[in-house]
Amino acid sequence: MAAVTMKRVVSGMRPTGRLHLGHLVGALDNWVALQRDFDCYYFIADWHALTSHYAETAELVENAMDNVADWIGCGIDPERSTIFAQSLVPEHAELYLLLQMVTPIPWLERVPTYKEQTEQLADRDLSSIGFLGYPLLQTADVIIYDANIVPVGEDQVPHLELSREVVRRFNNFYGEVFVEPQSMLTPTPRLPGLDNRKMSKSYGNTIDLSDDAAAVVKKVRQMYTDPKRVRADIPGTVEGNPVFIYHDAFNTNTAEVDDLKARYRAGAVGDVEVKTKLAAAVNARLEPIRERRAAALARPGYLREVVMEGSKKARAQAIETMIRVREAVKLVY
Ligand code: TRP
């Protein structure tokens with residue numbers, strides 16, 4: 001099979017809620033494209049969701065399955081890629097434990113996301129070992145599959161740096177056991193939220209992949225634009241304007257986008273026209289996703305089967321790695 005010679009990609013997402021356009025352009029479009037040239041493993045990082053949301057687990061699995069429906073909607077193909085749930089492959093935890101033995105605590109304390117999140121999420125108690133260990137669990141997630149490439153957002157690059165350091169230290173003690181994974185940055189720039197702040201579920205400024213056409217129209221109508229343009233005949237700024245960032249990201253009719261930009265700059269177009277055309281473009285992009293998502297959800301038991309089958313396949317791979325690891329560590333009875 002071709003998969004044997006293909007390099008391996010591993011990436012995961014925490015199931016903390018519905019997926020939105022930011023996930024589409026920031027991750028999923030890239031995940032879909034990578035399927036062509038790589039042996040891809042995409043997983044629900046449910047344990048990682050617990051590192052900060054350990055007190056709210058009621059919707060974890062529901063969110064996970066909803067996310068998988070979106071992945072399939074976006075074009076992740078379960079026939080080509082392995083879709084699984086982290087907690088269904090308990091070998092990740094065994095490897096995580098062994099990695100903990102060789103990882104100095106200061107390596108984890110100096111990871112930028114650790115400090116940032118502890119400060120930003122001040123209302124949560126993040127003084128747990130689990131939260132400190134987040135990037136080390138992530139290391140186990142990827143090296144257990146001998147991943148070469150890990151597509152992630154910019155904030156995750158230091159996690160992969162830590163992964164490589166931990167791999168070097170582990171290999172130094174026990175021999176050449178693991179491959180050093182490389183991060184791959186997603187080429188697309190970040191989309192702002194509808195209100196021009198960072199796009200986030202907690203700000204309520206997202207367009208979700210599961211929003212219907214009417215919801216998209218309504219949300220686009222409320223989008224932040226150039227605040228100086230109180231009338232349609234006032235020249236406006238296109239650069240950094242969320243409405244045009246979205247046009248650039250979703251409107252495939254570049255002649256229409258160029259025309260709208262020119263007229264916006266000249267004060268010769270109303271916001272209503274700009275937004276109506278944007279909503280149509282976003283809906284055109286989302287419609288096939290909605291259809292595939294609905295088709296997946298309409299098949300009874302299908303999504304669960306995808307996750308169970310994928311997890312079985314991932315687990316077989318992880319079990320093989322752990323045999324190799326136990327031999328290297330000389331834990332063989
Ligand atoms: N930390 C990643 C995020 O927040 C999720 C994640 C967990 C992950 N394990 C991973 C991503 C392994 C890539 C590889 O986006």
Side-chain angles (χ1 to χ4, degrees), residues 7-20 22-32 34-35 38-54 60 63-64 67-68 70-71 76 81-93 95-96 99 108 111-118 120-121 124 126 130-164 166-167 178-186 188 190 198-202 310-311 314 317-318 321:
K7 285 197 170 185
R8 184 160 290 161
V9 162
V10 175
S11 197
M13 250 185 224
R14 285 168 300 143
T16 51
R18 305 219 122 164
L19 301 186
H20 51 64
H23 296 109
L24 180 66
V25 301
L28 289 167
D29 277 343
N30 192 33
W31 284 18
V32 170
L34 290 168
Q35 294 181 114
F38 298 97
D39 180 22
C40 298
Y41 279 57
Y42 296 129
F43 71 98
I44 295 291
D46 46 11
W47 282 336
H48 275 104
L50 289 180
T51 60
S52 51
H53 292 65
Y54 50 82
L60 204 62
N63 285 335
N67 290 175
V68 171
D70 280 338
W71 293 2
I76 304 294
S81 299
T82 306
I83 297 176
F84 70 99
Q86 184 184 38
S87 68
L88 292 176
V89 187
E91 286 71 22
H92 288 224
L95 178 55
Y96 174 42
L99 296 180
L108 291 168
V111 172
T113 49
Y114 177 67
K115 260 190 101 168
E116 281 160 24
Q117 298 257 42
T118 323
Q120 273 171 25
L121 307 176
R124 286 176 190 276
L126 297 177
F131 187 71
L132 178 66
Y134 186 113
L136 195 61
L137 176 58
Q138 184 166 353
T139 301
D141 294 337
V142 300
I143 68 175
I144 204 163
Y145 301 107
D146 296 319
N148 308 96
I149 293 158
V150 183
V152 285
E154 219 172 337
D155 60 320
Q156 301 283 306
V157 172
H159 293 187
L160 270 298
E161 272 161 28
L162 174 91
S163 298
R164 286 194 296 279
V166 170
V167 163
F178 290 114
V179 175
E180 282 185 38
Q182 300 293 329
S183 52
M184 172 195 252
L185 280 180
T186 311
T188 6
R190 243 173 232 290
K198 178 181 180 301
M199 192 186 300
S200 163
K201 179 178 48 111
S202 48
S311 300
Q317 185 74 40
T321 302

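Indexing begins at 1, ligand by ligand and atom by atom, following the structure's order. As the structure is a computational prediction, the values presented were derived from the model and not from experiment.
Considering backbone and side-chain atoms alike, Gln156 places an N or O below 3.5 Å from some N or O of ligand 1. An N or O contact shorter than 3.5 Å is missing between Ser11 and ligand 1 by distance.
The contact set between ligand 1 and Val142, taken as ligand atoms under 4.0 Å from a residue heavy atom, comprises 12 (C), 14 (C). The ligand atoms of ligand 1 that sit less than 4.0 angstrom from a heavy atom of Ala45 are 7 (C). Proximity to His48 (heavy-atom distance under 4.0 Å) selects the following atoms of ligand 1: 7 (C), 9 (N). Below 4.0 Å from some heavy atom of Arg14 lie the following atoms of ligand 1, by number and element: 4 (O). Taking a cut-off of under 4.0 Å to the non-hydrogen atoms of Val150, the atoms of ligand 1 that pass are 13 (C), 14 (C).
Summary of contacts: the protein heavy atom closest to atom 9 (N) of ligand 1 is Asp141 OD2, 2.8 Å. Closest to atom 8 (C) of ligand 1 among all protein heavy atoms lies Gln138 NE2, 3.6 Å. For atom 6 (C) of ligand 1, the nearest protein heavy atom (residue, atom name, distance) is Gly12 O, 3.8 Å.
Under 4.0 angstrom from ligand 1, there are no non-hydrogen atoms of Leu137. Heavy atoms of Gln86 found under 4.0 angstrom from ligand 1: none, in either backbone or side chain.
When the heavy-atom distances from atom 3 (C) of ligand 1 to Trp47, Tyr42, Phe43, Tyr134 are ranked, the shortest goes to Tyr134.
Take Thr139 and apply the side-chain hydrogen bond (donor to acceptor under 3.5 Å, both in side chains) test, not counting sequence neighbours, and it matches Ser163.
Aromatic ring orientation, Phe43 versus His92: perpendicular (interplanar angle above 60°, classes split at 30° and 60°).
Separation of the Tyr96 and Tyr134 ring centroids does not fall under the 6.0 Å cut-off.
Remark: the backbone N or O of Pro151 is paired with a side-chain donor or acceptor of Ser11 at under 3.5 angstrom. A donor-acceptor pair under 3.5 Å is formed between the side chain of Asp46 and the backbone N or O of Ser87.
Counted by atom type alone, Gln86 and Asp141 present one or more donor-acceptor pairs between their side chains at under 3.5 Å.
Of the residues Tyr41, Tyr42, Phe38, the one that meets the ring pair (Phe, Tyr, Trp, His ring centres under 6.0 Å) test with Trp31 is Tyr42.
The number of heavy atoms from other shown groups lying within 6.0 Å of CD (Glu161) is above 12.
Scanning all heavy atoms of the two residues, the minimum distance from Glu180 to Val167 falls at CG-CG1, 3.8 Å.
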